[in-house]
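The analysis underlying the following values was restricted to heavy atoms, covering all of them including side chains, and did not include hydrogens, waters or symmetry mates. Please read these numbers as outputs of a predicted model, since none were measured by experiment.
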Amino acid sequence: MNIYYLLIEARPCSNNNESKEFGGAYVNCWVNAKNQQSTINAAKQYIDSEGWETINIEEVYLSSRDYYDDEPDLQSCFDLACKNGIGAIFNTWPLEEDA
């Protein structure tokens, strides 16, 4: 089993109610996949299913549970990827007033 970590910049789709509140997000994402390309595809599909659009893939690398020994929330996402194939946290920022 390979668990990959991705850091992805995303923004809410215009038909997503969150587009009225958030300007974007950095998505920390863990994916159980065979290789890097299938990891990217699965992450993009997940983000799309949540009503967000992938803007940029910032990082992709193989991960390990012990990387997150001091961060239980991140370790939980890693565990979720082991169990369900994917785990993610959307770290949003507010919509800019002048946008």
With sequence neighbours excluded, give me every salt bridge (Lys or Arg N to Asp or Glu O under 4.0 Å) pair touching residues 47-65.
-> R11-E53, R65-D79

Distance-minimising heavy-atom pair for [X] and [Y]:
X	Y	result
Y4	K34	OH-O, 4.0 Å
V27	A10	CG2-CB, 4.1 Å
W52	A25	CZ3-CB, 3.6 Å
L80	G87	CD2-CA, 4.0 Å
A81	N32	O-CB, 3.5 Å
C77	I89	SG-CG1, 3.3 Å

Side chains of Y5 and F78: does their closest heavy-atom pair fall under 4.5 Å?
->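 No; the side chains remain at least 4.5 Å from each other.
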
State, yes or no, whether a side-chain contact exists between L7 and N28 at a heavy-atom distance under 4.5 Å.
-> yes

Are [X] and [Y] connected in the hydrophobic side-chain network, where two residues link if heavy atoms are under 4.5 Å apart?
X	Y	result
F90	Y26	no
L74	Y61	yes
I3	V60	no

dist N84:CG -> Y46:OH (nearest 0.5 Å) comes out at 10.0 Å

W30 and Y68: aromatic ring centres closer than 6.0 Å?
->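 Yes: the rings meet the under 6.0 Å criterion.
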
Is there a donor in the side chain of N16 and an acceptor in the side chain of S19, or the other way round, less than 3.5 Å apart?
->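 Their side chains do not contain a donor-acceptor pair, so the 3.5 Å distance test is not met.
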
Could you tell me whether the side chains of Q37 and N41 share a donor-acceptor contact shorter than 3.5 Å?
-> yes

Applying side chain to side chain contact (heavy atoms under 4.5 Å, CB included) between T54 and each of L6, I40, I47, report the one that passes.
->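 For T54, the side chain to side chain contact (heavy atoms under 4.5 Å, CB included) test succeeds with only one of L6, I40, I47, which is I47.
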
Would you find more than 12 non-hydrogen atoms of other residues, nucleotides or ligands less than 6.0 Å from D69 atom CG?
-> yes

